[in-house]
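Heads up: numbering here begins at 1 and tracks the sequence.
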Amino acid sequence: MTIQQFLVYLSLCAVCVLTKPTDKKDRVHHDPQLSDKVHDDAQNFEYDHDAFLGADEAKTFDQLTPEESKERLGKIVSKIDEDKDGFVTVEELRDWIKFAQKRWIYEDVERQWKGHDLNEDGLISWEEYKNATYGYILGRMIVDKIDTDKDGFVTEGELKAWIKKAQKKYVYDNVERQWQEFDMNQDGLISWDEYRNVTYGTYLDDPDPDDGFNYKQMMMRDERRFKMADKDGDLIATKEEFTAFLHPEEYDYMKDIVVQETMEDIDKNRDGVIDLEEYIGDMYSHDGDADEPEWVKTEREQFVEFRDKNRDGKMDKEETKDWILPSDYDHAEAEARHLVYESDQNKDGKLTKEEIVDKYDLFVGSQATDFGEALVRHDEF
């Protein structure tokens, strides 16, 4: 790869990382619906299939024969039975359903794990995450200085000029002047921290950078969340801790940080609460429009009637938590109880592998349970 190609690649990476969404924000973390199908066992078991397997996995079972479906279901049952006592309880079934519904989270963690575990030791330290996420920033700062005509590219001529300037600056130029500049505490020595702060501090500490981002604040916020996820405080994340870092809304012990970050985003006047205009401003920008859309008016009513529970005109931490992390109806547990009720032949409140496989058509699909649709898909192939 040539220097020019590398710098173009670096620029593209920066654009991808810094691109911000423009859609309306949805701050509320709801548990996902188990299925978009109608839950009517008299018609079919498609809702139960989606709930038990996840919608994408349920489609794969529709391609199987009944024998294949039963075999794969038996293997799944062995995973659900966490204590390996030969029975599947409502609690184990509920936990499995929640896992199946949020499988994308674990796949996302697995994908990101490979990009952050730089030394491949099965752990992720804060230094590894910081370097993988923010390491390009310093390189980008230097590139910006080299690119004198600001066209987004560094030519060979610009690179030569930069090297000559750097040589003169550090070898021949006014050493005494630079010494005074870098020796911040005037102790006759220059530490790396002093040099780094002088050289890059204007970039990392700029409260109003050209691209709208404050890199230092971003890094400090990530570090705070990383430390919160890191239960043992060693600044090295296990996979479970890294999952909590990437998806804090999924972990009870991380929910306070979700609330804190949300309030920091919305609370523009930094008074520790969210007033009505800050709440609306997070979702909608007037941009000169005199008339608000109907949904904005509805959100104003929602704030007054439901968000601001004590009617003091603002949302505090607990009210914000109730808004973004509502205590939803536990669909997974309700579905688990339904599946146990329908399959528990001896009515002992738990299921054996045999009881589940006997009712395989309730749990998973196959060509036999959806034969017509399977024929259509076969014709498409």
Side-chain angles (χ1 to χ4, degrees), residues 29-110 240 243 247 250 328-381:
H29 299 280
H30 285 293
D31 282 337
Q33 292 294 318
L34 301 185
S35 174
D36 59 4
K37 312 290 196 315
V38 176
H39 195 184
D40 184 357
D41 289 353
Q43 295 291 327
N44 56 59
F45 298 129
E46 290 182 353
Y47 178 98
D48 301 296
H49 298 165
D50 286 356
F52 181 72
L53 294 168
D56 290 339
E57 186 68 11
K59 293 176 182 177
T60 67
F61 270 78
D62 290 338
Q63 309 291 330
L64 305 178
T65 65
E67 291 72 22
E68 292 171 329
S69 188
K70 289 179 182 180
E71 181 182 359
R72 290 181 61 173
L73 176 59
K75 294 178 181 178
I76 292 175
V77 173
S78 298
K79 295 180 180 179
I80 300 173
D81 179 19
E82 292 184 355
D83 59 10
K84 307 304 178 188
D85 65 350
F87 297 96
V88 172
T89 64
V90 169
E91 291 74 20
E92 288 173 326
L93 195 51
R94 177 201 62 205
D95 291 346
W96 167 262
I97 291 171
K98 288 186 175 182
F99 168 81
Q101 293 296 315
K102 297 179 179 179
R103 196 189 308 270
W104 67 272
I105 288 179
Y106 303 101
E107 292 174 350
D108 176 53
V109 171
E110 192 65 33
E240 183 72 10
T243 304
H247 301 277
E250 300 298 328
D328 290 329
Y329 173 74
D330 196 334
H331 295 279
E333 180 159 356
E335 176 66 9
R337 292 187 181 280
H338 167 68
L339 294 174
V340 170
Y341 177 81
E342 294 293 336
S343 310
D344 184 15
Q345 296 175 11
N346 62 2
K347 302 305 176 185
D348 62 352
K350 51 192 177 184
L351 303 178
T352 63
K353 179 183 289 189
E354 290 73 20
E355 285 175 323
I356 292 175
V357 174
D358 283 347
K359 291 284 289 186
Y360 83 97
D361 57 336
L362 172 65
F363 289 86
V364 298
S366 74
Q367 290 176 352
T369 59
D370 199 2
F371 190 67
E373 188 177 345
L375 285 178
V376 172
R377 280 194 295 270
H378 180 75
D379 289 342
E380 289 175 350
F381 294 136

For this session: Give, for atom NZ of K350 and atom CG of L93, the distance between the pair rounded to the nearest 0.5 Å.
Result: 14.5 Å
For this session: Fit a plane to each ring of Y47 and H39, take the angle between them on a 0 to 90° scale, and name the class: parallel (under 30°), tilted (30 to 60°) or perpendicular (over 60°).
Result: parallel
Exercise. To the nearest 0.5 Å, what is the distance between CG (D361) and CG (N44)?
Worked result: 11.0 Å
For this session: Find the distance between CZ (F363) and CD1 (I80) and round it off to the nearest 0.5 Å.
Result: 7.5 Å
Exercise. Which of these, L73, V77, I76, V88, sits in a side-chain contact (heavy atoms from CB on, under 4.5 Å) with K353?
Worked result: V77
Problem set entry | Test item: Q345 and T352 side chains (from C-beta on) under 4.5 Å apart, heavy atoms | no
For this session: Could you tell me whether a side-chain N or O of E57 sits under 3.5 Å from a main-chain N or O of G54, the two making a donor and an acceptor?
Result: no
Problem set entry | Cationic tip of K347 above Y341 ring, under 6.0 Å, 45° of axis | yes
Exercise. Say you draw a straight line from CD of Q101 to OG of S35; how long is it, rounded to the nearest 0.5 Å?
Worked result: 8.0 Å
Exercise. What is the distance from atom OG1 of T89 to atom CG of D95, rounded to the nearest 0.5 Å?
Worked result: 8.0 Å
Exercise. Can you tell me if NZ on K84 sees more than 12 non-hydrogen neighbours from other groups inside 6.0 Å?
Worked result: yes
Exercise. How long is the span from the CG atom in D62 to the NE2 atom in H49, to the nearest 0.5 Å?
Worked result: 7.5 Å
